[in-house]
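Structure first, commentary second.
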Amino acid sequence: MARGLDLTGKRFGSLIVLDRTGQSQGGYPLWRCRCDCGNEVIVASRRLRRGTVTSCGCTPKPTAHRGPKAEDLTGRRFGSLIALRQLESRGGRTRWLCQCDCGKLHAAAAHELKTGKVTSCGCRRKIGLRGIADITGRRFGRLVALSPTERRDKKGSVYWLCRCDCGNELEITENSLVYGNYRSCGCLKQDLQREITNRLHRVDGTCVEWLEKRKHRSDNRSGFRGVFLLHTGKYRVSIGFKKQRFYLGVFATFEEAVAARLEAEEKIHNAFVRAYYLWRERSDPLPEEERTPLEFSVEKKGDEFIIISNAELFAPPSEEKAL
């Protein structure tokens, strides 16, 4: 380009040239331009004439040669950065204008954001390893971050040595801590499970709530609890109670097998649940030393179930037969 060529007032895409800055880049003069959006940028004459730059960056440059449209990252968070809008691509890489939690704007390539290579505008304090945010002493549920390690996951997130309130120490990535994927060393889950277990009522190892809310099974080929499909095409049926298993027989059809299982549940499981709640109703108001333990056991003689129980002691006369 001729060095004396005046571009003042000329339009290049969304840019209008205002004046020459008096500086140069690579031997080409730099021009101050105003974009249609109102922003001003400094651009070399070569880039203006060749159409390399046609805006301040507010209009993403088409990149059809790169194949499918770039993934929309608008509003997504990457560490301390939130993607605001797509910028003009450079070097074949899609770039995004992001706002950091500190308030500054920062441009970063999409692949750098998604792989965790860029997580801030640069304001995050460096502590030993490059690009690590200082979360020393911060609490995440029952975990307290102690110090960073040299390990990183496949997304570039740093593993931190953490101490749980129970005393255990373990290494967890920064992302897992910040986004709440880990709140303890595992003891929190155990405590919750223990709390749930304590809410259940058991009699001789049998859980009352489990019998009340039993569901169809999906862990055998028949799909119904206690009904098992044999290689012959028939169905074997059994029922369990207080660590015992009673064999009910083999049936030609699924319907017959399910009916046999339901009949046994009524005689054993449902009778036990009714007896239990009658016992609770009569025993709960009494002092511990005056309570009579509930007895309920099952024996099978031939095709019949024999129920041995003291449930009649707790039931009104009108309810004895219902048990």
Side-chain angles (χ1 to χ4, degrees), residues 56-63 66-197:
C56 67
C58 61
T59 304
K61 182 178 179 181
T63 56
R66 289 181 53 81
K69 184 179 179 180
E71 180 182 1
D72 186 5
L73 305 181
T74 305
R76 286 179 54 179
R77 173 175 285 276
F78 302 91
S80 298
L81 297 173
I82 296 179
L84 301 179
R85 57 182 172 83
Q86 187 176 345
L87 298 176
E88 179 185 11
S89 299
R90 285 186 181 176
R93 297 288 187 179
T94 303
R95 298 188 309 139
W96 283 81
L97 180 66
C98 306
Q99 184 166 22
C100 186
D101 289 345
C102 70
K104 294 182 179 179
L105 296 178
H106 181 71
H111 78 283
E112 293 179 328
L113 294 171
K114 292 189 287 185
T115 58
K117 291 183 178 180
V118 176
T119 56
S120 74
C121 68
C123 64
R124 300 173 71 172
R125 178 182 172 188
K126 309 296 188 298
I127 50 172
L129 295 176
R130 183 179 179 184
I132 302 177
D134 188 3
I135 58 174
T136 305
R138 283 183 57 183
R139 174 174 287 276
F140 303 90
R142 295 186 178 185
L143 297 171
V144 176
L146 301 179
S147 60
T149 70
E150 295 184 357
R151 294 176 57 205
R152 290 178 182 250
D153 66 8
K154 61 183 180 180
K155 293 184 178 180
S157 183
V158 177
Y159 279 88
W160 279 76
L161 177 64
C162 304
R163 178 178 292 122
C164 184
D165 288 347
C166 70
N168 289 335
E169 293 187 355
L170 67 164
E171 295 180 359
I172 303 175
T173 63
E174 177 191 345
N175 287 345
S176 295
L177 293 170
V178 172
Y179 295 116
N181 297 334
Y182 280 83
R183 311 297 293 176
S184 73
C185 67
C187 62
L188 178 59
K189 180 179 180 180
Q190 295 173 357
D191 288 348
L192 292 175
Q193 290 175 337
R194 191 178 301 112
E195 182 180 349
I196 293 174
T197 301

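Just so you know, these numbers use all the heavy atoms, side chains as well, and skip hydrogens, waters and symmetry mates.
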Sorted by chain and residue number, the salt bridge (Lys or Arg N to Asp or Glu O under 4.0 Å) partners of E112 (sequence neighbours excluded) come out as none
Discussion item. I'd like to know whether Q99 forms a side-chain contact (heavy atoms from CB on, under 4.5 Å) with K104, so could you lay out the CA-CA distance, the side-chain angles of the two residues, the decisive distance to 0.1 Å, and finally the verdict.
Written reply: CA-CA 6 Å; Q99 184 166 22; K104 294 182 179 179; over 6 Å; no
CD1 of I172 to SG of C164, rounded to nearest 0.5 Å, is 8.5 Å
>> Counting C-beta onward and ignoring hydrogens, is there a side-chain heavy-atom pair between L146 and T136 closer than 4.5 Å?
In response: no
The side-chain hydrogen bond (donor to acceptor under 3.5 Å, both in side chains) partners of S184 (sequence neighbours excluded) come to none
Applying side-chain hydrogen bond (donor to acceptor under 3.5 Å, both in side chains) to S147 and not counting sequence neighbours gives none
Take C98 and I82 through the test side-chain contact (heavy atoms from CB on, under 4.5 Å) and record every step on the way to the result.
CA-CA 5 Å; C98 306; I82 296 179; over 6 Å; no
Let me see the working for C100 and H106 under side-chain contact (heavy atoms from CB on, under 4.5 Å), right down to the final yes or no.
-> CA-CA 7 Å; C100 186; H106 181 71; 5.6 Å; no
| request: Could you tell me whether R163 atom CZ has more than 12 heavy atoms of other residues or ligands within 6.0 Å of it? | output: no
The reported gap from CZ in R142 to OH in Y182 (rounded to nearest 0.5 angstrom) is 16.0 Å
Heavy-atom side-chain proximity of L177 to W160 below 4.5 angstrom: yes
Sorted by chain and residue number, the salt bridge (Lys or Arg N to Asp or Glu O under 4.0 Å) partners of D165 (sequence neighbours excluded) come out as R139
By side-chain contact (heavy atoms from CB on, under 4.5 Å), E171 pairs with (sequence neighbours left out) T149, R151, Y159, L161
Taken in chain and number order and not counting sequence neighbours, the residues that satisfy salt bridge (Lys or Arg N to Asp or Glu O under 4.0 Å) with R138 are none
Interatomic distance, CD@Q86 vs CZ@R95, rounded to 0.5 Å, equals 10.0 Å
Sequence neighbours excluded, the answer for side-chain contact (heavy atoms from CB on, under 4.5 Å) partners of N168 is C166, C185
Check step by step if side-chain contact (heavy atoms from CB on, under 4.5 Å) holds for Y179 and R77.
CA-CA 11 Å; Y179 295 116; R77 173 175 285 276; 3.8 Å; yes
Sorted by chain and residue number, the side-chain hydrogen bond (donor to acceptor under 3.5 Å, both in side chains) partners of R76 (sequence neighbours excluded) come out as E71
By salt bridge (Lys or Arg N to Asp or Glu O under 4.0 Å), R183 pairs with (sequence neighbours left out) none
Given the options L87, L84, L73, L81, W96 meets side chain to side chain contact (heavy atoms under 4.5 Å, CB included) only with L73
Residue set satisfying side-chain hydrogen bond (donor to acceptor under 3.5 Å, both in side chains) with D72, at least two apart, ordered chain then number -> T74
*Just wondering, are more than 12 heavy atoms of other shown residues or ligands nearer than 6.0 Å to CZ in F140?*
yes
To the nearest 0.5 Å, atom CG of N181 lies from atom OG1 of T173 at 7.5 Å
